[in-house]
Novice: 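Have a look at this one.
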2 protein chains.
Amino acid sequence: MDSAQQTADFAANGHQFFLPHLSIDCVVFGYHDHQLKIFLVRYHGHEAWSLPGGFIKRDETLTDAANRILAEKTQITNVFLRQFHTFGDSPTRLNRIETQQIHNKIYAKVNVAIGEDHWLSERTLSIGYYALVDYHTLIITPEHLIEEYGWCDIDKILPLLFDHHEIIETALLTLRSQIYQLPIGYNLLPAKFTLPEIHALYEAVLGKTFDRRNFRKKLLTLGLVRQLDEQRKIGAHRSPFLYEFDLQNYHKALEQGAPLAY
Amino acid sequence: MDSAQQTADFAANGHQFFLPHLSIDCVVFGYHDHQLKIFLVRYHGHEAWSLPGGFIKRDETLTDAANRILAEKTQITNVFLRQFHTFGDSPTRLNRIETQQIHNKIYAKVNVAIGEDHWLSERTLSIGYYALVDYHTLIITPEHLIEEYGWCDIDKILPLLFDHHEIIETALLTLRSQIYQLPIGYNLLPAKFTLPEIHALYEAVLGKTFDRRNFRKKLLTLGLVRQLDEQRKIGAHRSPFLYEFDLQNYHKALEQGAPLAY
DNA sequence: CTCTTATTGTGTCAAATATACACATTGACA
DNA sequence: TGTCAATGTGTATATTTGACACAATAAGAG
């Protein structure tokens, strides 16, 4: 949907090819500079930001839809992407007028008026997916209606449309609850990382602090990471060693749900 | 929907009051006789069984819909009910012909033919909820189209319609992963229970065995249960003591995710 | 009445793990 | 060469886990 014409066509005829009443929203997590971040977009006509999202094609599996939508909005493919919750309780989502007005402002850019009976004004439940992305790999060709996009620190989230705040909150709780069962560290970190980086990641996701020495001891005792010969230059300080995951031991630990720290 | 007329009306006009393309299926867990069980129904015209399910009203929150559907099919209210996954990948769910045929056989009972373009033939995603129920409290007034219903042992599940097998499998995995974070033991057991009962419940849910003595030690160390003065008669054997949960300590342990056994 | 059988109730000890904690090293820059 | 801020590393203690065996009880059979 990169031209005005295609965008207008979507508004006019989308209901023929997409399921109404149902959308997918993606919470894309990245990690950089000891901060957990979320990728957000800002649509035409709005000051508030949004999660990247879209609709499900009528003949497409749900998993395919989630991957396609993520790829369309962010050009990201082949990443860890997982469903976490379906949202259908928020009053905002039940309010047709509000839904209509939000879409109406967005599609004003392509001179399409979204009326009260337009399919985009209908009540829509949203299936939440979260993605784990290496912060540096992100390349964007924004869609026509997106005026701005970028990473946002998890603890400084800007005002958002619909119930996207609740969706992010739930995604974060899910991330927390799954960090010892799913390869969340692996997918948020680059292939080579330092101990302070992985340490700060676990602290950022879980929102508490761990003793540096005990954390390292646990990683090494379980054999989750391998020290490399390289070091990273970090300016006026001692150069930390780089590490990589030992995938065999890492996946074994995830299967057992072994906590890295308490 | 307890009369033939109401049922026929639903098939004819349901799409005006309910969201199409979207249903809710409930995996109702119970526990009895050291066995984890699931409540299943069998519709007219089918040998295969189904999960109790239904559609979401256009102006109803998702949570309200789940509770209403559970109440309509089982008369169960005010129980632990939680969304766990939305299903939209199964080929069965994408196949309109198959969907049509299944509904056609069911509604034959009320002389309604479900055609290819009927709203019930459309592709439908399903939002899975699981409920935890005290086995003994179940009272049923079955709906018109339900020919049979009852509990089914988790390890002897009968053939099922649609992708209901996958839904149950996912519900069970969810139960397992949440047993140390959510009050699953509390909601599956009666108010008073014996140590062997709670022990066998954790073994049934998690699918492994725990040392009886260490399990008891952990329960008591954490102060999760209180021994009562009563005992239960169990026939030709020593009478076990009855216990009840210490809710304060139990909830504290759940917040921390403390495992009861390994 | 007593013997048998199946089930429940209970304690101890060794091994593993978690937790608390402090000092040395490095790299840049003043 | 001294300072500063960050990284790298080890030890001792407390706690938890995991393995394990015997006594008590209830009912029914003989």
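Just so it is clear: chains get the letters A, B, ... in the order the sequence lines come, proteins before strands, and each one is counted from 1. All of these numbers come straight from a predicted model, not from anything done at the bench.
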Novice: Give the rounded distance in Å between these two atoms: CG of Leu242(A) and P of dT7(D).
Specialist: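 These atoms are roughly 13 Å apart.
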Novice: To the nearest Å, how far apart are Lys233(B) NZ and dA26(D) P?
Specialist: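 Taking NZ of Lys233(B) and P of dA26(D), I get 6 Å after rounding.
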Novice: May I have the distance from Leu219(A) (atom CG) to dG8(D) (atom P), rounded to whole angstrom?
Specialist: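 The distance from CG of Leu219(A) to P of dG8(D) comes to 12 Å, rounded to the nearest Å.
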Novice: Tell me which of Thr221(A) and Gln227(B) sits closer to the 5' end of DNA chain C, going by the nucleotide each one is nearest to.
Specialist: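 It is Gln227(B) whose nearest nucleotide is closer to the 5' end.
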Novice: In whole Å, I'd like the distance from the CD atom of Gln231(A) to the C1' atom of dA6(D).
Specialist: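 Rounded to the whole Å, the gap is 13 Å.
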Novice: Are Thr61(A) and Asp64(A) close enough that a side-chain donor and a side-chain acceptor fall under 3.5 Å?
Specialist: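 Per modelled atom types, Thr61(A) and Asp64(A) side chains form a pair under 3.5 Å.
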Novice: Would you please say whether a donor-acceptor pair under 3.5 Å links the side chains of Glu255(A) and Tyr250(A)?
Specialist: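 Tyr250(A) and Glu255(A) do not have a side-chain donor-acceptor pair below 3.5 Å.
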Novice: Test for a donor-acceptor pair under 3.5 Å between the base of dA26(D) and the side chain of His237(B), counting only N and O atoms.
Specialist: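 In this structure, the two groups form no donor-acceptor pair.
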Novice: Closer to the 5' end of DNA chain D via nearest nucleotide, is it Lys217(B) or Arg213(B)?
Specialist: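 So the residue in question is Lys217(B).
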Novice: Phe215(A) CZ to dT17(C) P: how many Å, rounded?
Specialist: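 After rounding, the gap between these two atoms is 18 Å.
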Novice: Indicate the ring-plane relationship of Phe245(A) and Tyr186(A), choosing parallel, tilted or perpendicular according to the 30° and 60° boundaries.
Specialist: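 Taking Tyr186(A) first and then Phe245(A), their aromatic rings stand perpendicular (interplane angle over 60°).
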Novice: Once you round it to whole Å, what is the distance between P of dG28(D) and CD1 of Ile234(B)?
Specialist: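 In whole Å, dG28(D) P and Ile234(B) CD1 are 13 Å from each other.
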Novice: Tell me whether the rings of Tyr130(B) and Phe29(B) are parallel (<30°), tilted (30 to 60°) or perpendicular (>60°).
Specialist: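 Tyr130(B) vs Phe29(B) ring planes: perpendicular.
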Novice: In whole angstrom, what separates Leu220(A)'s CG from dG10(D)'s P?
Specialist: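 Going from Leu220(A) (CG) to dG10(D) (P), I get 10 Å.
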Novice: Can you check the Tyr180(A) OH to dA18(C) C1' distance for me, whole Å?
Specialist: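 Distance check: Tyr180(A) OH to dA18(C) C1' gives 13 Å.
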Novice: On DNA chain D, does the nearest nucleotide to Thr194(A) precede the nearest nucleotide to Ala236(B) from the 5' side, or the other way round? Give the residue.
Specialist: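 Closest to the 5' end, via its nearest nucleotide, is Thr194(A).
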Novice: Between the side-chain atoms of Lys218(A) and the base atoms of dT19(C), is any donor-acceptor pair under 3.5 Å?
Specialist: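 Between dT19(C) and Lys218(A), which were checked side chain against base, a qualifying N/O pair under 3.5 Å is absent.
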Novice: Quick check on dT9(D): is either OP1 or OP2 less than 4.0 Å from any side-chain nitrogen or oxygen of Arg216(A)?
Specialist: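 Checking dT9(D) against Arg216(A), a side-chain N or O does come within under 4.0 Å of OP1 or OP2.
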Novice: Is there a donor and acceptor pair closer than 3.5 Å between the side chain of Arg238(B) and the base of dT7(C)?
Specialist: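 Counting by modelled atom types and ignoring angles, no donor-acceptor contact under 3.5 Å is found here.
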Novice: Just checking Asn78(B): does its CG atom have more than 12 heavy atoms from other residues, nucleotides or ligands closer to it than 6.0 angstrom?
Specialist: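 Not buried by this count: 12 neighbours or fewer within 6.0 Å.
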